[in-house]
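Chain identifiers are assigned alphabetically (A, B, ...) following the order of the sequence lines, protein sequences preceding nucleic acid strands; residue numbering begins at 1 within each chain. All heavy atoms count here, side chains included; hydrogens, waters and symmetry mates do not.
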2 protein chains.
Amino acid sequence: MTSASKSPTKAEKSTGQIRLKNQQAILAAAAEEFALHGFKGTSMNSIAQRVGLPKANLHYYFNSKEGLYVEVMRNILDLWDSAFSNLTAEDDPASALAEYIRAKMEFSRRQPQASKIFAMEVISGGECMSEHFNHNYQEWFRGRADVFQAWIDQGKMDPIDPVHLIFLLWGSSQYYADHSSSICRVSGRSRQTKEDFAKATANLTHIILKGCGLTPPSKA
Amino acid sequence: MTSASKSPTKAEKSTGQIRLKNQQAILAAAAEEFALHGFKGTSMNSIAQRVGLPKANLHYYFNSKEGLYVEVMRNILDLWDSAFSNLTAEDDPASALAEYIRAKMEFSRRQPQASKIFAMEVISGGECMSEHFNHNYQEWFRGRADVFQAWIDQGKMDPIDPVHLIFLLWGSSQYYADHSSSICRVSGRSRQTKEDFAKATANLTHIILKGCGLTPPSKA
DNA sequence: GTCTATACGTTGATAGAC
DNA sequence: GTCTATCAACGTATAGAC
């Protein structure tokens with residue numbers, strides 16, 4: 001009664017659940033649009049239509065288009081960081097690399113939007129992500145490269161520049177997300193199935209492991 | 001004297017050289033902008049400013065923004081088609097594959113814009129290129145895949161799905177063009193040098209050839 | 001919290017003087 | 001062929017009633 005707000009009349013949504021729910025719905029719709037047209041190419045209107053809300057509501061929950069975009073990117077980078085377990089120099093190279101390829105391909109399959117938004121941002125110069133790149137990313141990158149270098153120093157794999165190995169892992173796996181429309185045209189299907197990804201992963205694992213001088217881990 | 005046009009008063013440019021020169025300047029500027037922001041994200045104004053012409057001139061030479069875009073894409077696809085020599089089943093697999101990787105990486109180095117525009121178009125669904133995809137591309141793709149399959153049938157290389165091998169060749173090489181800004185941030189440089197590309201090509205060639213069960217061709 | 005109406009810049013495209 | 005002036009449509013963002 002004494003409450004001033006109207007829609008959530010009772011304390012039923014007292015913790016701001018509607019707010020959270022709307023925010024997430026907007027973020028999801030924004031991700032779809034940004035993945036299709038990039039930052040500049042996406043309009044607030046198209047996002048609003050996709051969520052089914054007036055576009056004024058978007059500005060109520062997010063200050064500006066750029067603010068919304070940054071939030072979408074932040075979610076993606078969080079997702080990214082949590083998706084891959086850390087490699088260590090003590091791991092068995094073959095199984096660790098195979099597991100990494102599997103996880104990366106699984107990410108391409110389940111989060112293709114994230115890959116696409118990320119790719120568009122990087123192609124456009126990636127200014128928005130400069131802060132992330134200058135800290136977390138470079139550090140993360142060095143960590144992985146050092147692990148590969150340690151394996152090489154221990155004579156466990158061929159002397160391949162770790163930096164370019166990481167580029168290969170990323171480039172080949174993200175291709176299946178970013179270029180999915182092209183892949184579908186070639187294969188004549190409407191979308192890639194789980195089995196398509198399994199086959200792609202198997203092929204990729206075979207080539208990269210063998211190409212690095214590693215023998216595949218036993219199934220057990 | 002009897003001529004009606006004004007600027008090219010004499011017959012000095014009788015063959016329409018100014019027209020051709022302007023058209024190409026516009027196309028080059030348009031490619032820069034489309035590579036940065038995609039089709040929707042690019043404005044005619046930004047292109048006009050880059051060429052140093054009023055935007056009305058762009059509409060004089062090209063009917064519409066879409067017409068200009070299609071022309072840019074056509075040029076890119078022509079460039080693409082002419083850049084790679086045809087593989088045949090009679091070739092030596094190792095040297096032919098190495099040569100293909102070299103040519104593809106050289107293309108990423110010298111025509112990064114083309115790769116970026118192409119990538120943006122594909123990420124956005126690639127509707128614009130449906131005609132090309134439905135004819136030249138599928139045919140081209142089948143041709144290459146058949147060559148790889150022939151090599152496999154002849155026992156010259158590991159039984160890797162040719163389709164996924166092509167994806168790997170494309171994905172890994174285009175990564176160096178599309179993600180150049182990301183690569184530069186990691187390496188701390190402002191741009192990738194010729195030597196960077198040489199090293200990347202060598203690593204890629206090593207992994208892919210060995211991964212396919214091929215031994216590198218002798219230098220001679 | 002929600003939504004209509006609107007301010008005001010930018011967009012693609014054209015008309016028409018030169 | 002070139003360029004200024006202009007159009008209607010659409011862009012982001014906000015004001016203010018409910």
Side-chain angles (χ1 to χ4, degrees), chain A residues 1-27 29-30 33-34 36-72 124 128, chain B residues 1-27 29-30 33-34 36-72 124 128:
Chain A
M1 321 292 183
T2 52
S3 172
S5 60
K6 187 181 158 196
S7 291
T9 33
K10 298 190 176 183
E12 47 183 357
K13 306 275 185 180
S14 57
T15 50
Q17 289 180 1
I18 23 148
R19 180 177 194 90
L20 208 70
K21 187 176 157 236
N22 277 338
Q23 277 180 334
Q24 287 185 326
I26 293 170
L27 283 170
E33 290 296 320
F34 285 135
L36 280 174
H37 306 117
F39 175 70
K40 283 197 69 176
T42 297
S43 74
M44 295 293 271
N45 208 348
S46 65
I47 298 173
Q49 279 185 287
R50 193 182 277 269
V51 247
L53 288 173
K55 63 177 174 175
N57 291 31
L58 273 60
H59 282 98
Y60 174 72
Y61 287 111
F62 301 90
N63 291 340
S64 66
K65 180 183 174 184
E66 191 170 344
L68 177 54
Y69 182 70
V70 169
E71 206 58 33
V72 168
S124 301
C128 163
Chain B
M1 321 290 185
T2 53
S3 171
S5 62
K6 187 182 158 196
S7 291
T9 31
K10 298 189 176 184
E12 46 184 358
K13 308 276 185 177
S14 56
T15 50
Q17 289 180 359
I18 26 152
R19 180 176 196 90
L20 208 71
K21 187 178 157 232
N22 276 339
Q23 277 181 333
Q24 287 186 324
I26 292 170
L27 284 170
E33 290 296 319
F34 284 134
L36 281 174
H37 306 116
F39 175 69
K40 283 196 69 177
T42 298
S43 73
M44 295 294 269
N45 208 348
S46 65
I47 299 174
Q49 278 185 286
R50 194 182 275 271
V51 248
L53 289 173
K55 65 176 174 175
N57 290 33
L58 273 59
H59 282 97
Y60 174 72
Y61 287 110
F62 301 89
N63 291 338
S64 66
K65 180 185 173 182
E66 190 170 344
L68 176 53
Y69 182 71
V70 168
E71 204 59 31
V72 168
S124 301
C128 162

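You'll find a donor-acceptor pair under 3.5 Å spanning the side chain of Lys55(B) and the base of dG12(C), going by distance alone.
Across the protein-nucleic acid pair, Leu68(A) atom CG and dT12(D) atom P stand 11 Å apart, rounded to whole Å. The interatomic distance linking Met44(B) (CE) with dC7(D) (P) rounds to 20 Å, in whole Å. Distance Gln49(A) CD to dG11(D) P: 9 Å, rounded to the nearest Å. Rounded to whole Å, atom P of dT14(C) lies 15 Å from atom NZ of Lys65(B). In this entry the distance linking CD of Glu66(B) with P of dA13(C) reads 9 Å, nearest Å. Distance NZ (Lys21(A)) to P (dT2(C)): 10 Å, rounded to an integer number of Å. Spacing between atom CG of Leu58(A) and atom C1' of dG11(D) amounts to 14 Å, rounded to whole angstrom units. Rounded to an integer number of Å, the gap from CG of Leu53(A) to C1' of dT4(C) is 14 Å.
If you check every strand for non-hydrogen atoms under 4.0 Å, Thr42(B) touches sugar and phosphate atoms only.
Remark: Asn45(A) is in phosphate contact with dG11(D), judged by side-chain N or O atoms under 4.0 Å from OP1 or OP2. In this structure, Tyr61(B) does not reach the dG1(D) phosphate: none of its side-chain N or O atoms is under 4.0 Å from OP1 or OP2. Note on His59(A): a side-chain N or O is less than 4.0 Å away from OP1 or OP2 of dA13(D). Phosphate proximity of dT2(C) to Asn22(A): present, with a side-chain N or O under 4.0 Å from OP1 or OP2.
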From CA spacing to verdict: side chain to side chain contact (heavy atoms under 4.5 Å, CB included), His59(B), Met44(B):
CA-CA 9 Å; His59(B) 282 97; Met44(B) 295 294 269; 3.7 Å; yes
Point to revise | Evaluation steps, side chain to side chain contact (heavy atoms under 4.5 Å, CB included), between Arg19(B) and Tyr60(B) | key: CA-CA 10 Å; Arg19(B) 180 176 196 90; Tyr60(B) 174 72; 3.7 Å; yes
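Here the OG-CD distance, from Ser43(A) to Gln49(A), works out to 7.5 Å after rounding to the nearest 0.5 Å.
Nearer the 5' end of DNA chain D, as judged by each residue's closest nucleotide, is the contact made by Ala56(B), out of Tyr60(A) and Ala56(B). Across the interface with DNA chain C, nearest-nucleotide mapping of Lys40(A) and Asn57(A) shows Asn57(A) to be the residue nearer the 5′ end.
Between Tyr69(A) and Phe34(A), the ring planes are perpendicular. Angles over 60° get that label, and only those under 30° would be called parallel.
Checking side-chain atoms of Lys65(B) against main-chain N and O of Thr42(B) turns up a donor-acceptor pair under 3.5 Å.
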